[in-house]
Amino acid sequence: SDVCGGGYIHGVIERALAASSDPQRDILRVCAPRQEGICWHGVGHGAMFVTDMNVSRSLALCAKAPSTLLEHRCGEGVFMQRFNAESAGTGGAASALPSLDATAALCRRTTGGQQGNCWFYAPNVWLAAHPDDFAGAMGWCAAQGDSSARQVCAKGVGSRTVKRHPGNLAVGAAVCRAAGALRGPCLAGMEIGR
């Protein structure tokens, strides 16, 4: 189930990699014999612990994945870990997160397929400082210079509305309805969040 995959598996993998004496080797073993996306997503979280929250080094570990798809899933875990106050490494302090400017700069300099992962999770930084201000997060996304960045960021906002209010899709519907040109990506994000 999603709860098991999202919680239990993440935790087991994070612990296994954090305790590893050779994470370069063990990153390839922890998901064997079944190479599945949810496992590699957990590897991304674990890589952040192994590298002391260093995104570049974590993504280098993700690049060792046996496929591009699994490398992408690993990157999801990296950026989810980096942009969540609950898991930023200091007891849930929003102050452990980068500033909004630093977040946007990180996403702009992230290359390839991982850039989308960065923008998808970037709205979490806004939401850590302004809980449930989805309209504000959408406004931040809309202010990003690149069209692709704006769209993926808006998708991330839509997803967060569902994750934070799973029993009340009207919250996300209202945010997406007011998102103008970003309505489509916002709605797509809501679908991902379900």
Side-chain angles (χ1 to χ4, degrees), residues 2 5-7 10 37-38 40-42 44-45 47-48 53 55 58-59 62 69 71-89 92 94 96-194:
D2 185 48
H10 280 50
I38 192 67
W40 276 92
H41 179 95
H45 285 274
M48 288 293 280
M53 303 302 269
V55 171
S58 295
L59 292 177
C62 289
L69 174 63
E71 178 182 357
H72 179 79
R73 293 300 307 271
C74 183
E76 289 174 359
V78 168
F79 288 107
M80 182 184 228
Q81 186 71 35
R82 182 63 187 114
F83 295 145
N84 277 322
E86 296 84 16
S87 56
L97 295 174
S99 68
L100 290 167
D101 288 342
T103 297
L106 173 61
C107 291
R108 283 192 298 273
R109 73 175 175 267
T110 299
T111 59
Q114 299 295 5
Q115 187 175 54
N117 284 332
C118 188
W119 283 115
F120 183 80
Y121 288 104
N124 288 337
V125 175
W126 179 278
L127 294 168
H130 313 282
D132 277 1
D133 181 11
F134 301 111
M138 188 63 73
W140 181 77
C141 291
Q144 301 311 310
D146 177 77
S147 173
S148 176
R150 290 191 299 269
Q151 291 179 23
V152 178
C153 187
K155 191 182 287 188
V157 173
S159 174
R160 298 284 71 80
T161 67
V162 175
K163 294 290 187 186
R164 294 187 180 198
H165 297 282
N168 187 0
L169 297 180
V171 171
V175 171
C176 293
R177 190 170 34 255
L182 297 176
R183 177 185 289 184
C186 181
L187 291 170
M190 286 185 67
E191 185 62 32
I192 290 169
R194 291 178 7 143

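These numbers were taken from a predicted model, which means no experiment stands behind them. Heavy atoms only: backbone and side chains are in, while hydrogens, waters and symmetry mates are out.
- Every side chain to side chain donor-acceptor pair (under 3.5 Å) that E76 has, sequence neighbours left out, goes to H41, R73.
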Report all side-chain donor-acceptor pairs from residues 103-110 shorter than 3.5 Å, counting only partners two or more places apart or in another chain.
| residue | atom | partner | partner atom | Å |
| --- | --- | --- | --- | --- |
| T103 | OG1 | S99 | O | 2.8 |
| T110 | OG1 | L106 | O | 2.7 |

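- Applying the side-chain contact (heavy atoms from CB on, under 4.5 Å) rule to A179 yields the partners M138, L182; only residues at least two apart in sequence or on another chain are considered.
- With sequence neighbours excluded, no residue forms a side chain to side chain donor-acceptor pair (under 3.5 Å) with H130.
- Put simply, the residue from V171, L169, V175 that forms a side chain to side chain contact (heavy atoms under 4.5 Å, CB included) with M190 is L169.
- Screening residues 180-191 for salt bridge (charged side-chain N to carboxylate O under 4.0 Å, His left out) gives E191-R194 as the qualifying pairs, with residues at least two apart or on separate chains.
- The side chain to side chain donor-acceptor pair (under 3.5 Å) search around S58 returns T51, not counting sequence neighbours.
- Between R82 and Y121 there is no side-chain heavy-atom pair separated by less than 4.5 Å.
- Using a 4.5 Å cut-off on side-chain heavy atoms (C-beta onward), F83 and C118 make contact.
- Under the side chain to side chain donor-acceptor pair (under 3.5 Å) criterion, N168 pairs with no residue, sequence neighbours left out.
- In this structure, R164 and L127 have side chains that are in contact, with non-hydrogen atoms separated by less than 4.5 Å.
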Show the atom names and distances, to 0.1 Å, of all donor-acceptor pairs under 3.5 Å that link a side chain in residues 149-158 to residues at least two apart or in another chain.
| residue | atom | partner | partner atom | Å |
| --- | --- | --- | --- | --- |
| R150 | NH1 | Q144 | O | 2.9 |
| R150 | NH1 | G145 | O | 3.0 |
| Q151 | NE2 | S147 | OG | 3.2 |

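- By the side-chain contact (heavy atoms from CB on, under 4.5 Å) test, L100 pairs with V125, W126, W140, sequence neighbours left out.
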Could you walk me through whether M48 and V55 satisfy the side chain to side chain contact (heavy atoms under 4.5 Å, CB included) test, starting with their C-alpha distance in whole Å, then the side-chain angles of each, then the deciding distance to 0.1 Å, before giving a yes or no?
CA-CA 7 Å; M48 288 293 280; V55 171; 4.0 Å; yes

